[in-house]
Amino acid sequence: MIDVPLTKTKTLAPPYTMQRFSYWLFALLLLVTPPSHSETADWQTEVSREAANLERLHSLIVVHEGQEVLALDLKSAGLDTPTNIKSLSKTVLAALVGIGIEKGVFEGTNQPVIETLGDRVPASATEGVDRITLGHLLSLQAGLQRTSGRYYGPWVNSDNWVHHVLTRPFVDEPGGRMLYSTGSSHLLSAALTESAGRSTLDLAREWLGEPLNITIPAWGRDPQGIYFGGNNMALSPRDLAKIGELYRNEGRLGDRRLFPENWVRESWIERGRSAYTDDPYGYGWFQQPLAGEMGYYGRGYGGQVLYVMPARKLTVVMTSDPTPPSPGSAFLRRQFQLIEEHIIPAVEN
């Protein structure tokens with residue numbers, strides 16, 4: 001009589017215990033098992049579908065934690081084929097200035113630009129241009145009348161682009177409002193050429209092309225042979241991603257540092273605001289927070305975008321149709337929406 005309940009206890013307990021163990025093991029596996037191939041394919045398909053709705057978009061590259069996780073060639077232009085990045089060239093040029101400081105070509109961002117231009121400064125230069133620093137040019141705060149917008153044509157059709165910029169009247173103090181002017185960026189290209197004694201193209205190929213293993217074709221030059229500073233450079237989407245990753249990694253490339261120690265941080269500090277988007281601007285980079293985290297971007301006409309979000313270890317490149325008419329800020333907002341609503345949630349999950 002005593003043996004009966006003991007036997008029942010021995011036969012009932014193990015299955016009950018194993019059932020609980022199996023339940024918790026299954027729950028644990030749900031937590032630690034990485035997304036399956038089908039789950040990865042699902043989010044890539046979703047992002048691809050949303051990207052296709054951006055009619056001007058040519059390519060989309062997503063790099064997360066240093067790995068390319070999505071690469072879309074929507075117009076069969078080639079993800080490794082250089083394309084005109086328009087004013088996104090200003091972001092690349094800012095990188096060259098940073099490397100130039102690291103290499104001692106420039107003293108720093110507080111150096112007056114006329115010290116770097118030598119005899120390229122005309123005798124007729126506007127009084128007060130000696131107060132304009134390299135930093136003012138990087139942040140588009142030179143204070144001189146713009147050479148973009150309705151002033152662009154007369155500038156690029158002039159006999160000497162550097163002289164034209166330096167003889168514009170002041171419409172603000174150096175370091176004042178952000179005045180979007182490609183002429184300011186062109187002075188940086190002239191400063192690189194004069195101070196280093198080599199063309200901006202040669203410097204770009206040596207300082208960025210070789211260490212990052214990227215291709216930098218020749219682009220347009222002014223009448224004096226200075227490569228256009230701030231417009232019309234050509235880089236492939238994948239090569240743009242490498243520049244974004246260089247900034248995300250604070251200028252480090254393996255055990256090398258290409259920039260001065262604080263260059264990226266200084267580049268991402270707000271110094272002025274865009275009159276078009278009201279986004280803060282630093283040295284070649286705008287600020288744009290998405291999904292609760294700060295991000296930074298370079299932008300070119302028609303929808304060329306390089307976006308970096310350090311907190312999410314994310315770099316996104318979008319190239320688009322560079323021909324007129326410009327889609328303006330409305331298209332840029334759609335690009336940011338794609339990143340915020342589809343790309344960020346996908347890579348985080």
Side-chain angles (χ1 to χ4, degrees), residues 85-102 106 108-113 131-144 146 148-149 170-185 187-188 229-230 240 243-251 259-301 304-318 328-329 332-333 335-337 339-340 344:
I85 62 172
K86 306 300 284 187
S87 284
L88 183 49
S89 305
K90 293 177 174 64
T91 306
V92 180
L93 190 67
L96 293 177
V97 173
I99 298 173
I101 294 172
E102 178 71 8
F106 299 133
T109 55
N110 290 327
Q111 185 177 8
V113 66
R131 294 182 292 136
I132 300 173
T133 66
L134 296 177
H136 293 147
L137 299 177
L138 286 163
S139 58
L140 301 179
Q141 294 175 290
L144 295 170
R146 300 190 317 126
S148 294
F170 277 102
V171 295
D172 203 339
E173 290 296 310
R177 311 178 269 141
M178 176 188 175
L179 298 167
Y180 192 91
S181 179
T182 302
S184 291
S185 299
L187 290 183
L188 292 172
L240 277 172
I243 293 174
E245 284 290 282
L246 179 65
Y247 271 84
R248 187 182 70 80
N249 288 301
E250 299 182 336
F259 295 148
E261 185 174 357
N262 295 322
W263 181 253
V264 173
R265 183 177 63 82
E266 292 293 322
S267 297
W268 287 346
I269 291 175
E270 175 183 346
R271 301 175 190 280
R273 284 184 174 260
S274 168
Y276 306 103
T277 64
D278 199 41
D279 286 344
Y281 191 71
Y283 290 161
W285 292 85
F286 295 94
Q287 294 181 11
Q288 175 60 244
L290 296 176
E293 297 286 354
M294 182 56 73
Y296 308 90
Y297 73 96
R299 175 190 181 190
Y301 182 96
Q304 326 311 319
V305 170
L306 172 58
Y307 184 83
V308 177
M309 182 176 279
R312 302 291 178 94
K313 300 179 180 179
L314 181 68
T315 294
V316 178
V317 172
M318 296 187 198
S329 299
L332 180 65
R333 287 193 294 271
Q335 291 174 297
F336 286 148
Q337 184 178 16
I339 296 172
E340 183 170 42
I344 292 175

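Checking Tyr283 against Lys90 by side-chain atom types alone, no donor-acceptor pair falls below 3.5 Å.
Salt-bridge annotation for Glu173 and Arg131: present, with a side-chain N of the basic residue lying under 4.0 Å from a carboxylate O of the acidic one.
The one candidate from Thr277, Ile85, Asp279, Thr91 that meets the side-chain contact (heavy atoms from CB on, under 4.5 Å) condition with Arg299 is Thr277. Results of the side-chain contact (heavy atoms from CB on, under 4.5 Å) test with Leu144 over Ile132, Asp172, Leu179 single out Ile132 as the only residue that passes.
For the atom pair OH (Tyr281) and CD (Gln287), the distance works out to 12.0 Å, reported to the nearest 0.5 Å. In this structure, the separation between NZ on Lys86 and CG on Leu88 is 12.0 Å, given to the nearest 0.5 Å. Interatomic distance, Leu290 CG to Leu314 CG, rounded to the nearest 0.5 Å: 9.5 Å. With values rounded to the nearest 0.5 angstrom, Leu134 atom CG is found 11.5 Å from Ser184 atom OG. Atom CG of residue Leu240 and atom CE of residue Met318 lie 12.5 Å apart, to the nearest 0.5 angstrom. Rounding to the nearest 0.5 Å places CG of Leu138 at 11.0 Å from CG of Leu187.
Ser185 is listed as a side-chain neighbour of Leu140, based on a closest heavy-atom distance under 4.5 Å. At least one side-chain heavy atom of Tyr247 sits less than 4.5 Å from a side-chain heavy atom of Ser267. Two residues are said to be in side-chain contact when any heavy atoms from C-beta on lie closer than 4.5 Å; Thr133 and Val113 fail this criterion. Side-chain contact between Trp263 and Ile99 is absent, with no heavy-atom pair separated by less than 4.5 Å. Taking the side chain as every heavy atom from C-beta outward, Leu137 and Val97 never approach each other to under 4.5 Å. Side chains of Val171 and Arg177 form a contact here, defined as non-hydrogen atoms less than 4.5 Å apart.
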Apply the test salt bridge (Lys or Arg N to Asp or Glu O under 4.0 Å) to residues Glu266 and Arg271: give CA-CA distance (whole Å), side-chain angles for both, the deciding distance (0.1 Å), then the verdict. CA-CA 10 Å; Glu266 292 293 322; Arg271 301 175 190 280; 2.9 Å; yes
Test Tyr297 against Phe336 for ring pair (Phe, Tyr, Trp, His ring centres under 6.0 Å), laying out the working first. CA-CA 10 Å; Tyr297 73 96; Phe336 286 148; 4.9 Å; yes
Is there a side chain to side chain contact (heavy atoms under 4.5 Å, CB included) between Tyr180 and Met178? Walk through the geometry before answering. CA-CA 6 Å; Tyr180 192 91; Met178 176 188 175; 4.1 Å; yes
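For Tyr296 and Trp268, the gap between ring centers is short of 6.0 Å.
Annotation for Asp278 and Arg273: closest pair O-NH1, 2.6 Å, computed over non-hydrogen atoms.
Of the possible donor and acceptor atoms, none in the side chain of Glu340 sits under 3.5 Å from a partner among the backbone N and O of Gln337.
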